[in-house]
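To start, the structure under review is shown below, and the notes come after it.
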2 protein chains.
Amino acid sequence: MRDFTRKLRVLLIDDNANHLRGIKELISLETNYSVVGATRSANLGLGLIKKYRPDIVLMDVNMPEKDGLQAIQSINKMGVSTNVVILSGYDDSDLIYRAMKLGARGYVLKTMASSKLIDAIETVADGKIYLPSILTTRFFEYFQNAAKEETKVVAGENLLLSLTGRENEVLDLLTQGINYKSIAQKLIISETTVKTHVNNIFQKLQVNDRTNAVLYALTHGFKPSSAQETAMTTAA
Amino acid sequence: MRDFTRKLRVLLIDDNANHLRGIKELISLETNYSVVGATRSANLGLGLIKKYRPDIVLMDVNMPEKDGLQAIQSINKMGVSTNVVILSGYDDSDLIYRAMKLGARGYVLKTMASSKLIDAIETVADGKIYLPSILTTRFFEYFQNAAKEETKVVAGENLLLSLTGRENEVLDLLTQGINYKSIAQKLIISETTVKTHVNNIFQKLQVNDRTNAVLYALTHGFKPSSAQETAMTTAA
DNA sequence: ACTTATCTAAATCTGCAGGTTGAGAAAGCT
DNA sequence: AGCTTTCTCAACCTGCAGATTTAGATAAGT
């Protein structure tokens with residue numbers, strides 16, 4: 001839970017001097033916030049973050065040299081845990097998606113009422129995610145579409161379904177980059193038997209070598225089954 | 001934009017008879033909604049969806065035989081476009097994540113005020129996503145954590161960075177499952193040169209064969225660069 | 001001018017990968 | 001009992017994959 005006994009330390013990063021000043025004044029009106037820094041450069045901002053460890057960072061996305069998304073990545077690499085709220089003029093679904101994926105805790109449009117910015121800070125400081133309804137919808141436009149594409153590849157008749165149990169086990173080991181001899185040892189069968197299985201796998205997946213078999217498996221949602229099944233079969 | 005001249009057609013699926021009745025009555029109170037069906041079985045629900053093509057489906061997640069998530073998958077396979085709003089007693093981050101990934105348009109907790117359910121229907125019918133603040137936060141707990149894990153694998157010194165431009169091109173072709181001869185033809189160099197490059201790649205990635213080189217590349221965020229660069233080099 | 005990195009290539013060699021044929025044993029189905 | 005599937009294995013063969021050595025050409029940095 002949030003500590004209400006001390007002021008929330010806020011850092012501002014926006015290359016537009018007017019925005020920077022405006023936001024600073026807006027936040028200064030709130031009695032329980034203190035602006036620990038305000039800069040027009042992402043790189044300078046990173047230094048300030050390391051120095052002052054703010055609770056909240058309000059970050060513009062659209063900046064020269066290093067943009068907001070790159071800045072978030074840099075923060076992650078620094079290993080500093082701070083809550084970034086994105087300030088953006090754009091509501092592109094992929095921009096929102098990328099920002100959230102990188103770990104942003106909130107996303108506010110510059111066109112929104114300034115009270116929303118205060119809401120965002122409060123919500124994020126409280127450990128929650130702040131994403132207005134419209135932006136949530138935008139986010140999922142991208143997210144659900146990407147998920148659909150992902151399953152599209154996985155579907156498509158799927159030659160993997162024609163594999164037998166043993167063939168699945170062999171394929172599983174193939175996808176780990178193991179050679180014939182080691183596979184034979186792991187499954188406790190002869191090397192020639194493994195070759196037979198592998199050849200059958202090649203035919204069923206319509207490929208000519210290991211690499212393409214592995215590639216087919218990985219791009220068609222192959223799920224390793226050996227872990228349990230091998231234990232079952234060897235125990236039986 | 002939504003058509004306000006006709007009633008919103010809603011379908012209910014919940015194995016709990018009391019819930020089903022309660023929700024039905026609640027919705028019946030709204031003058032601009034009409035319940036086109038209500039069933040306690042997901043499988044029966046699928047039939048009703050195909051038959052009545054409802055605007056909104058209110059779906060319980062926790063059901064015997066086929067649960068709500070499996071039901072969404074079935075709807076997707078049917079190719080019917082309807083808006084599913086999940087009704088759940090649980091706010092697990094991964095449950096919310098999976099539901100939204102499968103294409104749910106809204107998620108409401110059974111413990112929430114019934115007015116929220118009406119809000120959800122309105123919002124979803126309006127083409128937007130309905131995800132209350134707490135659930136949005138839960139969703140991102142899972143989503144951002146998964147994203148972090150993803151980049152963790154990609155990071156880790158990354159031997160890929162030690163590869164030269166040409167080696168990257170060769171690796172790119174390797175990850176497409178192409179053999180020496182074809183690679184040589186594509187890059188317009190001799191087969192022995194390709195072998196030299198491949199051997200250098202193996203050493204740098206610390207592997208002994210194609211398959212493991214490809215596996216390393218794919219699990220460490222290898223981005224194919226040949227598409228443009230090859231065109232550049234061949235043109236030069 | 002010297003050094004280093006990169007790309008190119010030939011020559012040689014070992015051996016595992018991949019293809020084919022044939023066949024026995026066990027389990028399940030009809 | 002007979003058929004089918006699956007798993008098992010041998011023996012043989014071709015050849016590409018992978019390892020090693022040596023070396024010329026070019027470009028870039030010191």
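Each chain gets a letter, A, B and so on, in the order the sequences are listed, and its residues count up from 1. Computed from a predicted structure; not experimentally measured.
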Item to check | Rounded interatomic separation in angstrom, taking CD1 from I188(B) and P from dT8(C) | outcome: 11 Å

Checklist entry - Would one find a side-chain N or O of T193(B) under 4.0 angstrom from OP1 or OP2 of dT8(C)? => result no

Checklist entry - Can you tell which of dG18(D), dT8(C), dG19(C) lies closest to the side chain of F202(A)? => result dG19(C)

Next on the checklist: Can you confirm if the NZ or CZ of R98(A) lies within 45° of the ring axis of Y142(A) and under 6.0 Å from the centre of its six-membered ring?
Outcome noted: no

Checklist entry - S190(A) or K204(A): which one's nearest nucleotide on DNA chain D is closer to the 5' end? => result K204(A)

Next on the checklist: From CG of N179(A) over to C1' of dA17(D), roughly how many Å is that when rounded to an integer?
Outcome noted: 13 Å

Checklist outcome for this item: From CG of N168(A) across to C1' of dT6(D) the rounded distance in Å is 13 Å

Item to check | Nearest-Å distance for atom pair CG/P, residues N199(A) and dT14(D) | outcome: 17 Å

Checklist outcome for this item: Side-chain atoms of Y180(A) come closest, of dT8(C), dG18(C), dA17(D), to dG18(C)

Checklist entry - L163(B) has an atom CG; how far is it from atom C1' of dA5(C), in whole Å? => result 14 Å

Item to check | Considering all heavy atoms, the nearest S88(A)-Y107(A) contact | outcome: OG-OH, 3.2 Å

Checklist outcome for this item: Among dT8(D), dA19(D), dG18(C), the one nearest any side-chain atom of R210(A) is dG18(C)

Item to check | Euclidean distance, atom CD of residue E191(B) to atom P of dC7(C) [Å, nearest integer] | outcome: 19 Å

Next on the checklist: Let me spell it out: for each of I189(B) and S162(B), pick the nucleotide of DNA chain C with the closest heavy atom. Which residue's pick is nearer the 5' end?
Outcome noted: S162(B)

Checklist entry - Rounded to the Å, how far apart are Q203(A) CD and dT20(C) P? => result 8 Å

Checklist entry - What's the closest nucleotide to the K195(A) side chain, out of dG19(C), dA9(C), dC7(D)? => result dG19(C)

Next on the checklist: Looking at D14(A) and K110(A), is any side-chain nitrogen of the basic one under 4.0 Å from a carboxylate oxygen of the acidic one?
Outcome noted: yes

Checklist entry - Mind checking whether K186(B) and I178(B) have side chains closer than 4.5 Å, heavy atoms only? => result yes

Checklist entry - If you check the T196(B) side chain, which of dA10(D), dA17(D), dA9(C) turns out closest? => result dA9(C)

Checklist outcome for this item: Between CD of E167(A) and P of dT5(D) the distance, given in whole Å, is 13 Å

Checklist entry - Has the side chain of T164(A) got a donor or acceptor that lies under 3.5 Å from a partner of the other kind on the base of dC7(D)? => result no

Checklist entry - Under 30°, 30 to 60°, or over 60°: which ring-plane class applies to F140(B) and F143(B), parallel, tilted or perpendicular? => result perpendicular

